[in-house]
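Structure, as C-alpha cells:
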Amino acid sequence: MISCSLATVAANASVLPSTQTDSQWFKNSAQLVSDKTNQTTATKAKNVILFVGDGMGVSTLTAARIFEGQQQVGNQGGEENFLSFEQFPKTALVKTYNTNQQTPDSAGTMTAMVTGVKSKAGVLSVSDTSLRANCLSSKGNELITLVDLANAKGLSTGVVSTARLTHATPAASYARSPERNWEADSNLPQEAVANECKDIAYQLVMRDEADALTVALGGGRRNFIPNDVTDGEGKSGRRTDGVDLTQAWTENHSNAAYVWDKAGFDAIDVDATDHLLGLFNSSHMEYEADRLDDTAGEPSLTEMTAKSIELLNKNEQGYLLIVESGRIDHAHHAGNAYRAMMDTVELSNAVRTAVENTNPEETLIMVTADHSHVFTIAGYPKRGNPILGLVHGIDGNVSIAKDGKPYTTVGYTNGPGAVVGVRDDLSSVDTQDKEFKQQALIPTSSETHAGEDITLHATGPGSDLVQGVIEQNVIYHIINQAQALGGSKY
C-alpha cells in the first residue's frame, strides 16, 4: 500500500511507483524543470524584436495551439501542441487597461508598450492630458518612442504589420497624434490643419534621414498616394495634398526602395537597399487564410519578418524590430474564429523564423498582445474534438443545449454571430468552414475587445525581467534596459 501523505512523499521521493515515474507526462515535465535550473541569460541585447498579436488573448492562444496541432500528423488531439513562443523560458501576465477605459483599444495599449506611459484610448504616443482628436491639446504632450530612442543610438529600426501601417498598433511606434484615425491628410479636421498636426502616413515617411525607419512593411497604400492616383490593384489614393509619399520615400532616403506586390518584394536586393517601404494592399493586407487569392500577391508575415531581419542585420550596432499580426483582431471583430486562428498560427511561424535567423545570445525576442477579445472555449468537448467543431462529449455524442440544439466549442460573448430570438440549429452547418461566424450571446455589429490580462513571452538577453503580473508600460522599460537606449530616468 502506498502512503499518500506529503511527508512520506518528501522522504521517499526515490520510491515513487513506476506507474508514476514511467508516465511520459511525468518525464517531460521533470525534464522541463531540470532544464530551467540550468538556464543563464545575459542582461544586454544587441537586437530586440517585439511581436504583437493584435487581440491575441489567452483563449486565442489556447484555441490556436489546438487548431495548429490538429492539422499536424501524429499530434494526438491538438491539446498537447505548443505555439512556437509558448516554449520561451520567460512569461508574464500583462494588465491592459487604458487610463480612461477598463477595456482598452490598440492605440492606448501600444502607446504604453512603446513609450512607457499609459494613455487614453484613441491617442498615439501622446500623454493622457491631451484631448482626443484635438491637435492643440497634444502640443507639448508628445512622447518619445522606442523607435526614436533606437534611431538616436544609431540602431536600425523596422515596423511590420499585416494591418495598415498607419493603423493604431504600428502607428504608435513612430507617430504622435491625438487621434488614431488621422491616417491620411484627408482625415485631418480644420483644427488639426490650423495647428499644424501631420497625418500618420506623413509622419512615417517624412522623418529625417538619421531618424528614418530602415524597413516598413504592411498595408495602407491608400494613405500614401494622392486621390487622383490609381494604384496597381485599381484602388484610388486618399491624399488631398497631392503628395505621393511612396515617391517621397525613395527621394528622401538613401538607397531607398518602394514595393507594392509580391514580385517586387521578392526581387529586393538587400545588399543595395538601406530603406525599404512595402505597401501591399490599399487597406489592410489579406487574412492569412485568403492571402494566396490577393490580386497582386502579398508576402506572408513570416516572409516580411525574415526580409526585415536580413535588412536590419546590416547594421553592426544592432536593431529594433516591431512586428504586428494585425488581423487576428479583425477576424475576432467579425466573429470569425477560423481566420483568427490562421493568423495566430502564422504569427507563431514568423516568431519561429525570427528565432532561427538570430543569435540567441544577442537578441531579445518578446511576444505579446495589445488586448484580448470576448472569445471563449467551453462545453466539455472530448479530447481531440475539432476546436472549431460542434461539441462532442467523452461518449462521442453531440452535446445538446437546453434549446434542443448543438453548439460549438468556441464562441463569443457578443458579436455579429448573435441572433435575436431563436438560436440557429447548427446540426447540418459546417462550423469549421472559414466563412462561418461563431454564435454569440449579445448582438453587436462588431465583436468587442475584452479587458482581462494578456501574456508576454520572452527569450534572450534581458528576458529575465519578464515575470509576474506587470503593467503594460513595463514592456517599454524592459526593452529600454536590455538595449541601454537611455530612455529612463531613475
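Hydrogens, waters and symmetry mates play no part in the numbers below; they use all other heavy atoms, side chains included.
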Return yes when atom CZ of R238 has more than 12 non-hydrogen atoms of other residues, nucleotides or ligands closer than 6.0 Å, and no otherwise. no
I need the minimum non-hydrogen distance between P461 and A482, along with the two atoms involved. O-CB, 4.1 Å
Can you tell me if E298 and N281 form a side-chain donor-acceptor pair at under 3.5 Å? yes
With ring-ring contact (aromatic ring centres under 6.0 Å, His included) as the rule and sequence neighbours excluded, what pairs involving residues 50-74 come up? F67-Y338
Would you say S161's side chain and A163's backbone share a donor-acceptor pair under 3.5 angstrom? yes
Looking at E471 and K95, is any side-chain nitrogen of the basic one under 4.0 Å from a carboxylate oxygen of the acidic one? yes
For F375, check ring-ring contact (aromatic ring centres under 6.0 Å, His included) against everything at least two apart and list the hits. H332, Y412
S348 versus S84, side-chain donor and acceptor atoms under 3.5 Å: yes
Out of H449, H371, H284, which residue meets the ring pair (Phe, Tyr, Trp, His ring centres under 6.0 Å) rule with H333? H449
Would you kindly say whether N81 and E68 are connected by a side-chain donor-acceptor distance under 3.5 Å? yes
Verify the neighbour count for atom NZ of K434: are there more than 12 heavy atoms of other residues, nucleotides or ligands below 6.0 Å? yes
Hey, what do you get for CD (Q481) to OG1 (T43), rounding to the nearest 0.5 Å? 8.0 Å
With sequence neighbours left out, write down each residue that passes ring-ring contact (aromatic ring centres under 6.0 Å, His included) with H457, or none if nothing qualifies. F85
